[in-house]
Amino acid sequence: MIYNRQLLSSATNLFKLTHEFSLLSRAHSSISAQPFTRKLTFLASSSIFSPTPRLCNDSNLVGMRGMRCFCHDSGGSKEWTEEIEYLDESGGVIYKGKGVRSVEPGLDDHVMVGEVKKPFVNALAVAKIVEVVKRWKWGPELETQLDKLQFVPNMTHIAQAMKVIGDSDACLSLFRWAKRQAWYATSDDCYVMLFDGLNQKRDFEGIQSLFDEMVGDSADGVSLSAACNRVIRYLAKAEKLEVSFCCFKKIVDAGCKVDTETYNSLITLFLNKGLPYKAFEMYESMEKVGCLLDGSTYELMIPNLAKSGRLDAAFKLFQEMKVRDFRPGLNVFVSLVDSMGKAGRLDSAMKVYMEMRGYGYKPPPTIFVSLIESYVKSGKLETALRLWDEMRMAGFRPNFGLYTLVIESHAKSGKLDIAMSTFLDMEKAGFLPTPSTYSCLLEMHAAAGQIDPAMKLYNSMTNAGLRPGLSTYTVLLTLLANKKLVDVAAKILLEMKTMGYSVDVTASDVLMVYIKEGSVDLALRWLRFMGSSGIRTNNFIIRQLFESCMKSGLYESAKPLLDTYVNSAAKVDLILYTSILAHLVRCQEEKNERHLMSILSATKHKAHTFMCGLFTGPEHRGQPVLSFVREFFQGIDYELEEGAAKYFVNVLLNYLVLMGQINRARCVWKVAYENKLFPKAIVFDQHIAWSLDVRNLSVGAALIAVVHTLHRFRKRMLYYGIVPRRIKLVTGATLKIVIAQMFSSVESPFEVSKVVLRASGDSVMEWFKKPIVQQFLLNEIPSRSDILMHRLNILFPSSAPEVRSLSPPKPLIAVREI
């Protein structure tokens with residue numbers, strides 16, 4: 001019993017303990033309030049108190065027998081060692097057992113209720129932690145208060161407290177304090193909440209820093225997949241490309257599993273950043289681990305695959321998307337149709353287009369434009385026109401580019417009626433056609449020879465203030481030239497010059513059109529117009545026009561052209577000179593011969609000097625004919641002018657034979673053969689066959705070659721006694737008649753076949769022994785000297801030809817027959 005009120009102070013201490021415990025008990029339903037029913041209890045030691053207890057008046061305190069020290073000491077026991085009796089007001093025993101000891105903060109994770117350990121209630125522990133954190137927020141004071149908690153928290157308490165706290169900074173402070181405690185364990189949930197809070201604050205540097213810490217924690221073998229994936233998704237949505245991909249690589253290397261949502265976030269990021277190939281690599285990695293795309297990523301992936309040209313992969317995803325019951329969006333259809341059309345897969349594009357219609361989508365204008373462009377570019381204009389009509393029926397108005405494309409494609413394909421009809425619709429729709437559209441239509445009409453529509457388009461183009469292009473002017477002027485509208489062409493050319501174009505080349509092209517068509521009069525008229533307008537042409541066209549004038553017999557007009565050609569520092573080559581000489585050979589009028597001699601003189605070519613010297617006497621020449629001819633042919637560069645030299649020899653021999661200058665002609669042939677201009681003409685096959693091939697020679701050259709070569713055969717046979725089995729003269733079908741006619745006057749043994757004159761060696765030997773044959777081969781039968789002298793005096797007034805013997809006139813061949 002309690003007899004002494006001096007124990008009040010001890011009772012007060014016990015009251016504090018029992019009151020705290022009663023609060024803990026009321027916070028959790030599993031802990032009963034008994035035997036504490038709002039009673040104050042006094043604890044008395046047997047050495048102090050009398051064994052007989054007594055109820056104190058005006059109080060609810062109940063006495064107890066036996067007690068130990070309330071406070072914990074380092075040397076004593078931490079638990080009560082003697083039983084305590086709990087009495088009611090009447091002194092009856094309510095409960096008997098070991099008493100309750102206070103807990104040591106940071107050491108105990110429970111309380112003792114008698115001999116039973118009662119854990120702290122989680123809700124109470126979490127509430128206490130939340131109260132401390134919300135009060136102190138962060139800093140050393142917060143950590144001090146957390147260190148004084150009267151229980152040992154665990155990671156569940158921390159995680160629950162972080163959910164209640166909400167503030168990212170406070171949560172991070174609590175987490176960092178927990179990491180320094182011995183009971184800390186890596187928690188995926190804690191990291192997830194921290195990353196969520198940092199993401200709400202858009203603190204991506206904090207996320208990156210915490211991620212690096214988390215990577216270090218993952219070495220403990222605890223899975224942090226949720227937090228890792230959360231980090232990458234947040235960084236990807238924030239478009240932190242390099243950081244998110246770096247984090248992705250780290251978690252992959254650490255063996256962490258990447259979920260589907262993370263893959264989709266990264267793919268979306270790469271696609272939005274214009275890195276489709278990186279997204280495709282991510283998709284391939286995703287396939288390897290068995291992850292699938294979500295609907296939104298399908299919507300991004302398929303268009304990007306299609307635009308990058310990977311149509312098979314895009315179409316595969318498109319089919320996969322439908323199998324997984326995702327409804328393809330309009331953008332998916334549009335991108336597939338557009339890409340397949342541009343790739344030339346028109347059937348597949350049309351199939352996807354019809355499938356889009358089946359889904360109930362109304363085709364947008366872009367898909368019509370894409371399909372029409374694809375069909376137009378592939379040349380399927382009928383299908384393009386069908387889509388064109390369908391587009392207009394749907395209420396869509398074709399744009400400027402589509403009008404231009406349809407017009408130009410039909411124009412280029414020759415469908416000018418449809419092109420012009422669409423062109424008029426374009427103007428009615430309020431679109432101003434571009435210069436390229438005008439040019440295309442104009443050029444196609446010009447190419448078709450339709451001069452009236454072409455001129456209407458040109459006038460419409462200029463009236464609209466558009467500047468025709470160079471190609472447009474060129475085509476139009478070419479058309480006008482072909483139609484021989486010289487005045488209209490001159491007007492257009494002057495307008496072209498006014499527009500600032502250089503017209504020299506275009507004017508020369510028009511001139512060349514007249515030359516090629518043989519309209520020499522129009523060409524000369526156009527050339528005069530060019531000269532009066534200050535427009536120059538080139539020497540090549542001047543030469544072409546000169547040659548056309550020569551062919552047309554307009555020698556008077558040709559002479560000024562040649563003077564212009566020579567005065568512009570152009571060099572007359574041997575071919576041009578020879579062509580003039582060929583005209584002289586065929587000339588039959590004395591007036592024209594004078595013009596031709598004047599033209600030959602105007603060339604200032606060394607061949608003309610040779611021609612003049614060839615017809616003069618040795619007293620003027622200073623050397624024999626053969627030496628003179630050899631000297632001229634030595635000055636020819638055979639590497640560059642071999643063909644021209646052959647041409648010159650053929651024409652020159654024609655001229656010399658025509659003039660009766662057989663001796664000079666034989667000298668020219670001999671020197672030409674010495675210089676190997678005709679290396680395969682004469683063939684000596686020992687005693688079997690000797691032959692002469694004159695198929696590639698002119699008439700005069702063939703006659704001289706036959707006479708000169710038979711003279712060589714005669715010397716070899718008579719002087720050296722070599723007689724071949726046969727002798728052939730290969731003439732060809734044309735020269736056969738001329739040579740046979742020449743031999744008919746001397747009764748030759750040669751038999752005439754299709755292309756060859758042949759005879760046996762013995763018969764030719766007997767023929768060579770006849771005096772008339774000797775005279776024939778030695779050129780002792782002159783032409784009519786009076787005609788020869790007359791012609792020479794006309795053609796070469798300054799020359800003094802050698803006087804030949806005046807034997808009875810028996811020409812080698814009639815002059816005009818050659």
Would you check, one step at a time, whether the test salt bridge (Lys or Arg N to Asp or Glu O under 4.0 Å) holds for D504 with K497? CA-CA 9 Å; D504 292 350; K497 187 177 181 181; over 6 Å; no

Applying side-chain hydrogen bond (donor to acceptor under 3.5 Å, both in side chains) to E495 and Y458, what does each step give before you reach the verdict? CA-CA 12 Å; E495 291 179 3; Y458 172 76; 2.3 Å; yes

Check the pair R726 / D762 against salt bridge (Lys or Arg N to Asp or Glu O under 4.0 Å), numbers first and verdict last. CA-CA 8 Å; R726 60 184 178 274; D762 294 336; over 6 Å; no

Could you walk me through whether T437 and T434 satisfy the side-chain hydrogen bond (donor to acceptor under 3.5 Å, both in side chains) test, starting with their C-alpha distance in whole Å, then the side-chain angles of each, then the deciding distance to 0.1 Å, before giving a yes or no? CA-CA 5 Å; T437 306; T434 62; 3.0 Å; yes

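For the salt bridge (charged side-chain N to carboxylate O under 4.0 Å, His left out) test, residues two or more places apart in sequence or in another chain that qualify with R695 are D693. Legend: residues meeting salt bridge (charged side-chain N to carboxylate O under 4.0 Å, His left out) with D452, ordered by chain and number and at least two apart, are absent.
Between E443 and L476, the closest side-chain pair of non-hydrogen atoms is not below 4.5 Å. Contact check for V707 versus M742: side-chain heavy atoms found under the 4.5 Å cut-off. For the pair F615/Q661, a side-chain contact is recorded, criterion being any heavy-atom separation below 4.5 Å from C-beta on. When side chains are defined from C-beta on, L656 counts as touching L614, because their heavy atoms get closer than 4.5 Å. Counting only heavy atoms from C-beta outward, the side chains of V752 and F743 never approach each other to under 4.5 Å. Using a 4.5 Å cut-off on side-chain heavy atoms (C-beta onward), K770 and W767 make contact. Looking at V520 and Y514, their side chains never come closer than 4.5 Å, going by heavy atoms from C-beta outward.
T472 and Y438 form no side-chain donor-acceptor contact under 3.5 Å, judged by distance and modelled atom types alone. Side-chain N/O atoms of S760 and S763 include a donor and acceptor closer than 3.5 Å. Checked by atom type, the side-chain pair E593/Q588 shows no donor-acceptor distance below 3.5 Å.
For the atom pair CD1 of I772 and CD of E747, the computed distance is 7.5 Å after rounding to the nearest 0.5 Å. Atoms CG and CZ, on N592 and R586 in that order, are 12.5 Å from each other to the nearest 0.5 Å.
Both tests do not hold together for R712 against W690: distance to the six-membered ring centre under 6.0 Å, angle to the ring axis within 45°.
In the displayed structure, Y638 atom OH is contacted under 6.0 Å by more than 12 heavy atoms of other residues, nucleotides or ligands. More than 12 heavy atoms of other residues, nucleotides or ligands lie within 6.0 Å of CD in E674, so this atom counts as buried by the packing criterion. For L494, the CG atom is densely surrounded, since the number of other residues' heavy atoms within 6.0 Å is greater than 12. The environment of K728 atom NZ is sparse: at most 12 non-hydrogen atoms of other residues, nucleotides or ligands sit within 6.0 angstrom.
Taking 4.0 Å as the cut-off between side-chain N and carboxylate O, K551 and E547 do not count as a salt-bridged pair.
Closest approach of S753 and R758 over heavy atoms only: OG-NH1, 3.7 Å.
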Sequence neighbours excluded and cut-off under 3.5 Å, please list the side-chain donor-acceptor pairs for residues 553-567, or say none.
| from | atom 1 | to | atom 2 | distance (Å) |
| --- | --- | --- | --- | --- |
| K559 | NZ | D563 | OD1 | 3.3 |
| K559 | NZ | D563 | OD2 | 3.1 |
| T564 | OG1 | P560 | O | 2.9 |
| N567 | ND2 | D563 | O | 2.9 |

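The aromatic rings of F648 and Y577 sit tilted, their planes meeting at an angle between 30° and 60°.
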